[in-house]
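Okay, structure first, notes after.
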Amino acid sequence: MKRNRVIDLLKSDALPQSIKVSGWVRSLRAGKDVAFMALSDGSSAATLQVVMEGSLPAFEELCKTGTGSAVTVCGVLRESPAKGQSVELLAEKIEVTGAADDSYPLQKKRHSFEFLRTIAHLRPRTNTFGAVFRLRSSLAHAVHRFFEERGFLYVHTPIITASDCEGAGEMFRVTTLPPQLAAAPDFSRDFFGRATSLTVSGQLEGELFAQAFTDIYTFGPTFRAENSNTSRHAAEFWMIEPEMAFADLMDDAALAEEFFRYLCHHVLGKCAEDMAFFDEHVEKGLCERIRKVADSSFEVMEYTEAIRHLKQATVSFQYPVSWGLDLQSEHERYITEKIVGGPTFLVNYPKEIKAFYMRQNDDNKTVAAMDLLVPKVGEIIGGSQREERLDILLAKMCACGINPDSLQWYLDTRRWGSTPHAGFGLGFERVLMYLSGMENIRDVIPFPRTPGHAEF
RNA sequence: UCCCCAAUAGCUCAGUCGGUAGAGCGAGUGACUGUUAAUCACUAUGUCCCUGGUUCGAGCCCGGGUUGGGGAGCCA
């Protein structure tokens with residue numbers, strides 16, 4: 001007999017019917033002549049109630065089936081006579097395919113996220129992490145659908161890179177040289193004949209493809225060797241980076257806004273059950289918050305205007321506010337949470353505090369950069385219009401101490417058929433945090449990599 | 001990397017004045033029940049993070065370390 005999924009059984013309307021289902025025991029309530037088993041196969045946040053009557057073969061033995069055991073149940077799916085569920089499965093035969101004894105770490109009670117991180121191999125079997133990883137999967141599909149619907153080309157940019165000037169952070173070295181050579185390595189003898197690292201961004205390669213396919217995006221793993229110990233940083237995370245030719249900063253912001261709101265609509269519509277769970281157990285009012293973002297247009301604020309707001313603020317900041325200084329987390333939070341009260345694009349930053357590839361504005365003081373700030377998470381998108389003028393780009397690289405020879409392939413796109421173009425990077429996990437209410441990035445990644453942690 | 005806080009039963013925590021450790025939940029056993037993280041009764045469980053010191057005596061005080069959490073920086 002074909003195995004059924006719990007989520008389909010719970011929606012079934014052809015009752016009664018004989019079926020087979022497999023999953024893991026979440027809880028078991030045993031009495032003398034009847035017992036109830038809550039069964040999950042991960043397809044849904046809801047469990048299927050399996051009814052065991054005293055006449056079931058090996059009834060007393062089966063009543064001792066521990067939480068976490070894997071079982072296959074054959075029986076009759078029927079309407080439930082009791083409250084709490086509309087359908088239930090009257091068991092005729094139960095096979096315990098993998099028993100779990102009382103040392104199973106997940107108990108029939110609430111556990112802290114900190115504890116569950118120490119058993120990351122088992123936590124997907126909990127309600128919260130079931131919801132998190134169903135949401136993650138569905139959201140990843142939504143990302144691809146959004147771009148596919150708009151004609152964007154999906155490009156797989158390299159994970160191993162020889163660019164030492166991507167500028168986004170410290171990099172992990174990739175080498176096959178013996179460890180004892182690591183102190184003073186001769187990279188000409190290394191696997192690639194040069195020093196290589198794991199990518200910190202697919203942007204530069206993405207730009208190359210945008211100069212051929214016009215609208216492209218990447219969606220893949222990204223690595224930063226920063227010793228960051230915060231709830232918002234991981235050494236390995238997934239990033240989405242669209243790039244558009246013949247586009248300026250406002251086109252970029254428009255795409256970012258449409259994209260972000262699309263994802264909000266997606267989870268409210270397609271992940272309603274899990275979102276309801278988050279709303280009830282993780283963050284009260286979550287769905288209402290997401291709904292507001294999905295239906296509202298985002299504020300756009302000049303950096304210069306933000307500085308003016310911050311200088312007029314009645315609260316006192318720990319870090320100084322002055323035109324030309326970068327904004328600190330406390331400043332960004334104040335803008336998005338107090339001044340605007342919603343997602344906010346900050347645009348046109350002083351050129352000194354931004355990357356070399358960002359397009360210089362006509363005022364000669366600012367560059368066409370944008371950050372999307374959202375309440376709770378802070379910076380969730382960083383993007384810019386790119387400098388497409390070869391002479392200006394060369395001058396800026398030299399000013400930043402970057403050797404143009406190492407990026408000839410990048411400069412070639414400005415040499416022949418250059419276009420105004422723009423793009424942004426969005427941290428996939430940060431969107432997940434924003435949409436689920438989960439407050440630690442380690443709790444939205446299956447097996448997170450952070451300083452000192454690469455187990456599992 | 002910096003600042004702050006914490007570490008005691010499987011989990012979450014309490015532990016008074018420095019005098020050899022407790023609760024709830026979970027687990028086990030039994031009873032009972034169309035039950036909903038069932039209910040009731042009983043039972044068991046400790047490297048008090050490690051290390052050095054002070055003391056007659058340290059879970060508690062002091063030094064060093066480890067791990068975890070929160071915040072900052074870096075950024076997505």
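Residue numbering restarts at 1 for every chain, and letters A, B, ... go by the order of the sequence lines.
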Checklist entry - How is the base pairing of RNA chain B summarised as a dot-bracket string, given the Watson-Crick and G-U wobble criteria with both distances under 3.5 Å, [ ] for crossing and | for another strand? => result (((((((..((((.....[..)))).(((((.......))))).....(((((..]....))))))))))))....
Next on the checklist: Taking any heavy-atom pair under 4.0 Å as a contact, classify A/F115: base, sugar-phosphate, or nothing.
Outcome noted: sugar-phosphate
Checklist entry - Contact class for A/I441 (heavy atom, under 4.0 Å): base, sugar-phosphate, or nothing? => result base
Item to check | C1' atoms of B/A9 and B/C48, separation to the nearest Å | outcome: 10 Å
Item to check | Sub-4.0 Å heavy-atom contacts from residues 321-354 of chain A onto RNA chain B, ordered by number | outcome: A/Q328, A/S329, A/R333
Checklist entry - Which part of the nucleic acid, if any, lies within reach of A/A38 when heavy atoms closer than 4.0 Å are counted: base, sugar-phosphate only, or nothing? => result nothing
Item to check | Euclidean distance for P, B/G70 against B/U16 (whole angstrom) | outcome: 27 Å
Which donor-acceptor pairs under 3.5 Å do the side chains of residues 276-284 of chain A make with protein atoms, sequence neighbours left out?
unit_1, atom_1, unit_2, atom_2, d
A/D279, OD1, A/G285, N, 3.1
A/D279, OD2, A/L286, N, 3.4
A/D279, OD2, A/C287, N, 2.9
A/E283, OE1, A/R289, NH1, 2.6
A/E283, OE2, A/R289, NH1, 2.6
A/K284, NZ, A/E280, O, 2.4

Item to check | Distance in angstrom units between A/R110 CZ and B/A37 P, rounded | outcome: 14 Å
Item to check | A/E92: partners by side-chain hydrogen bond (donor to acceptor under 3.5 Å, both in side chains), with sequence neighbours left out | outcome: none
Checklist entry - Base, sugar-phosphate alone, or nothing: which one does A/R26 contact when heavy atoms must sit under 4.0 Å apart? => result nothing
Checklist entry - Taking only residues at least two apart or on different chains, which pairs with a member in residues 315-331 of chain A satisfy salt bridge (charged side-chain N to carboxylate O under 4.0 Å, His left out)? => result none
Checklist entry - A/F237 stacking on B/A76: centroids under 5.5 Å, ring planes under 30°? => result yes
Checklist entry - Quick one: does A/S228 reach the base of B/C75 with a side-chain donor-acceptor pair under 3.5 Å? => result no
Item to check | By side-chain contact (heavy atoms from CB on, under 4.5 Å) - contacts of A/C264 (at least two apart) | outcome: A/F260, A/I290, A/V293, A/A294, A/L435
Next on the checklist: Counting the atoms with a prime plus P, OP1 and OP2 as sugar-phosphate, which does A/Q85 contact under 4.0 Å by heavy atoms, base, sugar-phosphate, or nothing?
Outcome noted: base
Item to check | Spacing of A/E53 atom CD and A/D33 atom CG [to the nearest 0.5 Å] | outcome: 9.5 Å
Next on the checklist: What's A/T230 touching, base or sugar-phosphate or nothing? Going by heavy atoms closer than 4.0 Å.
Outcome noted: base
